[in-house]
Amino acid sequence: MSRDDEQRKAPAEEPQGGEQLALIRDSVRKAKVPRAKPRTWRGAALAKDRPVAKVLVDKGPVHLDKLWDYAVPAEMDAEARPGVRVRVRFGAGTGRVREGRREGGGLLDGYIVDRVAESDYRGPLAAIAQVVSPEPVLGPGLLALCRAVADRYAGSLADVLQLAMPKRNVRAESETSPPPLPPPGPPEPGSWARYPAGPGFLEALAGGGTPRAVWTALPGPHWPDEWAAAVAATLASGRGALIVVPDGRTAARVDAALTRALGGAGRHVLLTADLGPEERYRRWLAVSRGSVRAVVGTRAAMFAPVRDLGLVGIWDDGDQSHSDDHAPQPHARDVLLLRAVHEKTGFLLGDLGRTVEAAQLVENGWARPLEADREQVRAVAPLIRTVDEGEVARDAEARAARLPTLAWQTVREALNRGPVLVQVPRRGYVPRLACERCREPARCRHCAGPLEARDADRLACGWCGRAETAWHCAECGGARLRASIVGARRTAEELGRAFPAVPVRTSGRDHVLDTVPDRPSLVVSTPGAEPVAEGGYAAALLLDGWALLGRPDLRAGEDALRRWLEAAALVRGQEDGGLVVVTAEPTQRPVQALVRWDPAGYAARELAERSQLGFPPVSRMAAVAGPGEAVAELIASAPLPEGTETLGPVPLPPTPPGRPRRPGDPPPGARWERALLRVPPGQGRALAAAVKEAKALRLARGDKDPTVRVDPLDIG
DNA sequence: CAACTATGTGAC
DNA sequence: TCACATAGTTGT
């Protein structure tokens, strides 16, 4: 078959008009085209006005992080507006047809970013194959945000778009969104009046200002309503608001508060993953179209294209779920920080505690602390008591329930007044079992991974999964491990026997209870799954504090305090008899911070210490993981900023079986190493840029490894 | 020096 | 990613 024959066949095989492009690719080769105006296909009519579309190709190799010019056929002129989804042919041999089949150069998804009159590209332009839908989903603001996130995290724009853009759904898109409601009036300060700067913050928002605050929320049930008031104030100024919370349960609580505050459901939407793709897209479109101006949602909502944003907010920024599992693993706090700066909005970071990152925002003056007076705190916080973890109860009943005397007495007394919360760390939450005698961590004899308690008395390696039946300490020869954690279920059983007259409920990973009634009951929960008690818990026990504090993680202390505060905040104030008993070493700083209910002080000290030691977030880091050679090459080729330190590389443990692989985890069977790059304060952007450049260079050669993680969380 | 494989580059 | 060009390598 001659080439001419092949070409003649092409249009018949491909119904899409755009395929005529195949005709010119062979006849007009790039090399033969002298410098000239952009040319396109032969004969076919192009859009009269601005016939060149700048297209962002969404999938495919990452170094395609640039815009490509495509011709806009006349018949697509009206629909091919900036922001719409398109399909384009891409790749060498585009559109060439042999034996009736297209060869190479598949159809790729993309977005039109802009329409221009001329192209810089000297060759013939291919035409847009198809406008997928006329809905402009990727506006300039969202695109700029995605770019900023990609840069900040040394990731590709395509990866970020994957996180930011919802999947298209035809039915949702074909519907019209309801017309926007007029802005509400400014809200009353309500419980914000408990914070000296609270009413002023609301007024600033309502008046069109952009206040920035780190808010240490008072314990108790009011914070969802306080979020709602902040949103209402922003709406009152004619602007939009976006609040990101860690999980669907919290989102539902804030959503309910918004419905109360805004007098109905028409002014805001809840955006969470469990809505399902269709409903999610429907709501996302309502936001994108400007029909709704206020959003509360989980992580992915951080990209929601709220029109004329006036406030971004995040609740509980220390929660791990704010950090995305997908490359480049952006953290909601930082994405919202970028939005606050780029879109010139107000910013509110709310938390019962305070992360070191939040403390840094306060310390460098970017945000103001929004806190209640000590007096106010004392009034609403429960009384906190510590009991030594080593204490063995004297009475037999307490011993049977494995409770220290004070804990036992507290439960018995409080059960007369209402529900009692018992927080038990998740089993397997402690990666580090240790020798009872010398505290040396118990390690696997095969791979040196940490041993974990699988059952009451079965041990297994957390890395390779091999069972250990006869452990003894490599240091001192001891054969006993420090008490392992008793899981929530077993604790519930034991407490049920000890208090037979009282119902015992559990809330944990699989069964998370939302609320419990205001009646005497025992509620055993793992951290983060605590149900809300309608009238507040009469008391709480925070058991096995050593387990939370003993994790081999830079954030162990901060995280333990966070989880304790979260549980303790559900307990009635001490004026109403609320009491919390925590079993932990009372000299430890997080424990003292809990007793004094002073998360801000704790975070400030922690920040100072990390600053001194050159730890994040003051110094910034990037983790580079991959095969040893690849790691070394990437680091060598990166134009790293002055003062960069390379820590490691060290061998990376295999991905624990059972856990889904995340970026940065070695593939099964592979031996990977990880190096940490550390830069002095102020060099974070330069570090990300350098690593991104080196990565792009390797990627152009087809090397996928290594993976890069900016601001790694899991540095021991 | 043809036939084959490794390496590199451009894609609109 | 993937086709294609080109440089480099082998074999007779």
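Side chains included, hydrogens not; waters and symmetry mates left out as well; all remaining heavy atoms used. Order of the sequence lines sets the chain letters (A, B, ...), proteins ahead of strands, with each chain counted from 1.
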Trainee: Please list, chain by chain and in numerical order, all residues satisfying salt bridge (Lys or Arg N to Asp or Glu O under 4.0 Å) with A:Arg671, sequence neighbours excluded.
Mentor: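 Expected list: none.
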Trainee: Return the value, rounded to whole Å, for the distance between atom CH2 of A:Trp68 and atom C1' of B:dA11.
Mentor: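 From A:Trp68 CH2 to B:dA11 C1': 5 Å.
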Trainee: CG of A:Leu125 versus C1' of B:dA11: gap in Å, rounded?
Mentor: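 Those two atoms, CG and C1', are 12 Å apart.
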Trainee: Determine whether the side chains of A:Glu173 and A:Tyr281 contain a donor N or O and an acceptor N or O closer than 3.5 Å.
Mentor: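 There is such a pair between these side chains.
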Trainee: Please report, rounded to the nearest Å, how far the P atom of B:dA11 is from the CG atom of A:Leu56.
Mentor: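 These atoms are roughly 18 Å apart.
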Trainee: Can a donor-acceptor pair be found between the side chains of A:Arg85 and A:Ser133 at a distance below 3.5 Å?
Mentor: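 The answer is no; no qualifying pair exists.
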Trainee: Using whole Å, what does the distance between atom C1' of nucleotide B:dG10 and atom OH of A:Tyr121 come to?
Mentor: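 In whole Å, B:dG10 C1' and A:Tyr121 OH are 8 Å from each other.
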Trainee: Separation of A:Tyr70 atom OH from B:dA11 atom P, in whole Å?
Mentor: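 Going from A:Tyr70 (OH) to B:dA11 (P), I get 11 Å.
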Trainee: Under 3.5 Å, which donor-acceptor pairs do the side chains of residues 290-303 of chain A form with other protein atoms, sequence neighbours left out?
Mentor:
residue: A:Ser291; atom: OG; partner: A:Pro178; partner atom: O; Å: 2.6
residue: A:Arg293; atom: NH2; partner: A:Gly238; partner atom: O; Å: 3.1
residue: A:Arg293; atom: NH2; partner: A:Arg307; partner atom: O; Å: 3.4
residue: A:Arg299; atom: NE; partner: A:Asp324; partner atom: OD2; Å: 3.1
residue: A:Arg299; atom: NH1; partner: A:Ser321; partner atom: O; Å: 3.0
residue: A:Arg299; atom: NH1; partner: A:Ser323; partner atom: O; Å: 3.4

Trainee: Between A:Arg89 (CZ) and C:dA3 (C1'), how many Å, whole number?
Mentor: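 Going from A:Arg89 (CZ) to C:dA3 (C1'), I get 15 Å.
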Trainee: Tell me: NZ of A:Lys66 to P of C:dT1, nearest whole Å?
Mentor: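 Atom NZ in A:Lys66 sits about 18 Å away from atom P in C:dT1.
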Trainee: Measure CG/A:Asp120 against C1'/B:dC12 and give the value in whole Å, please.
Mentor: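 Checked: the CG to C1' distance equals 11 Å.
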